[in-house]
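Computed from heavy atoms alone, side chains included, the values below leave out hydrogens, waters and symmetry copies. Fair warning: this is a prediction, and the values are worked out from it, not measured in the lab.
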There are 2 protein chains.
Amino acid sequence: MSAAPASARNDKTDVVAAAMRVLADSGLPGLSMRRIADEIDVQVSALYWHFPNKQALLAAVSAQIVGAGSAPPEVDAIAQALRDRLLAHRDGAEIVSSSLALGLLELPARAALVSAARDMGLDAAAADVAADTIVHYVIGYTFHEQQRLHAAVVGAADASVDLVPEGLDDRAGDFDAGLAMIIAGVRATASVSGR
Amino acid sequence: MSAAPASARNDKTDVVAAAMRVLADSGLPGLSMRRIADEIDVQVSALYWHFPNKQALLAAVSAQIVGAGSAPPEVDAIAQALRDRLLAHRDGAEIVSSSLALGLLELPARAALVSAARDMGLDAAAADVAADTIVHYVIGYTFHEQQRLHAAVVGAADASVDLVPEGLDDRAGDFDAGLAMIIAGVRATASVSGR
DNA sequence: ACCTGAACACCGTTCAAGT
DNA sequence: ACCTGAACACCGTTCAAGT
C-alpha cells in the first residue's frame, strides 16, 4: 500500500497515525508522548516540532475520531453516527470530550444537529440548545460506557454501583431510549414555539 | 472551633479535607498525592495507609462534593441542586464524572430522579432511562462549562470554537433551556405509556 | 524542515522499617 | 493505628545543537 518507507522523516499526519495506533493498543492511560515517539522511532522532543503540546496532539487525534464532513440529515441518525464514531476508538468519548471542552475541536455533528433541529421547526436559539443537549448526552453516555468497559477489563469495577443498571446486553437499547426521550422533548418544543 | 490540633495523627476525613483544600487552591491538575500530603505535613506514602490508591481518594472527594441524603422531590429541582453542588467546587463535574464512570460513587440524586420520574407517571424502566439521561446532561453540561472557565483563566481557550455560543452571561439560561427540553421529553414519554 | 541528547521538575505506587 | 525514608518506573516540556 502507500505506507511511508520506514526510515523517512515524519510529518503531522505520521505523528497522529502513530498516536492512533498507541491508543488502540493501550488506551488513553497508555497514550504518553514517549510511547508515541517510540512508535515512530524518534525522541520525545521531536514531537514538539509538530505540536506545541500534548493537548494539541490529542485535539488532532480527536478530529480524526469524529471525522470530517457530511452527516445524515436527521437528528436521530446524526446522534447515532457520532456515537458509532466514538465507540469505534478506545476511550474515544473521553478524548473528544476533553478536546471539546478545551475549545480545541470543531464538531461537525453539532452543525448538522443545529440544522436538523431547525428543520423540525425550532428557532435559532432553541436549535442551538437542542444541539448542545444532544451532544452532551451522546458524549456523556458513551464516555461512561467506555470507562466501565475498561474498568471491567481491568477488574476494578464495583458491579454493585451502576449508573445504568440491568444486563450488559442492551446498552444500545438504553442509549436509544434516552435519545428518543430527548427527541420527544425537541418535538414538544417545536410544536409550542412553531405556531 | 473543633479543628484538630496541628500535630495530631490523621484519619480518612483529615485526608479528604486536605484534598478539598488543595482542589480549591489548585484545581484538579494540581491535586497530586504529594500536594495533599504536604497539606497535612506528612509523607506521600502515608496517604496509602488511608486509601488504596488515588482514584479511591478521589471517590471520597466526589462523595463529599455531591453530598449525602435528601434531595427535593421534583425532577427540575433535583437537577438544579446537583448542578449547584458541582459548580460549588473547582472541577467538581470532572471529578464526579470520573468516579461515577469507574463505579466508585453512588449518586443520591440519581435515586431521587428515578422516584421523581415515577411520580410523573413513568414505569420503572423508563424512569431509569430518564434519570440517566438527566444525570448525563447535568454532568456533561457542567463539566464542559467548568473546563472552559478554567481554560479562559489560563488563557488557552480558543474563543472562536464554542459548543455553547453567545454571551458569557446566560450560561445558566442555556442550561435551563436544555433541561426544560429534556423534561418535556419525559412528560411526553409519560403521557404515551401512562394510559 | 525535522531530529538528537540531555536535562528539569514533576508524577503514582511499593515496601521495609519505625513508634 | 499511623507514619518515615528511600526507591522504582514513569511523566510533559524545554533547549541547545545537529543535518
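- C:dA9 and D:dC10 have their P atoms separated by 22 Å, given to the nearest Å.
- Taking the six-membered ring where the residue is Trp, B:H144 and A:H136 present perpendicular rings, their angle passing 60° and hence far from 30°.
- At a threshold of 4.0 Å, the pair A:E145-A:R83 counts as salt-bridged, since one of the basic side-chain nitrogens sits closer than that to a carboxylate oxygen.
- In this structure, B:F51 places its CZ atom 14 Å from C1' of D:dC2, rounding to the nearest Å.
- You'll find the ring centres of B:Y137 and A:Y137 outside the 6.0 Å limit.
- The salt bridge (charged side-chain N to carboxylate O under 4.0 Å, His left out) pairs that include a residue from residues 87-102 of chain A number zero, where partners must be two or more places apart or lie in different chains.
- The CD atom of B:Q147 lies 12.0 Å from the OG1 atom of B:T142; values are rounded to the nearest 0.5 Å.
- The gap from the C1' atom of C:dC11 to that of D:dC8 amounts to 12 Å, rounded to the nearest Å.
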What is the per-nucleotide protein-contact pattern of nucleotides 3-11 of chain D, from the 5' end, where B denotes a base atom under 4.0 Å from a protein heavy atom, S denotes such proximity for sugar-phosphate atoms only, and - denotes neither? SBB-----B

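- Taking atom OH of A:Y48 as the reference point, atom P of D:dA16 lies 17 Å away to the nearest angstrom.
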Pair pattern of DNA chain D in dot-bracket, where unpaired bases get dots and | marks partners in another strand, Watson-Crick or G-U under 3.5 angstrom: ||.|||||...|||||.||

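- Separation of the P atoms belonging to D:dA17 and C:dC2 is 22 Å when rounded to the nearest angstrom.
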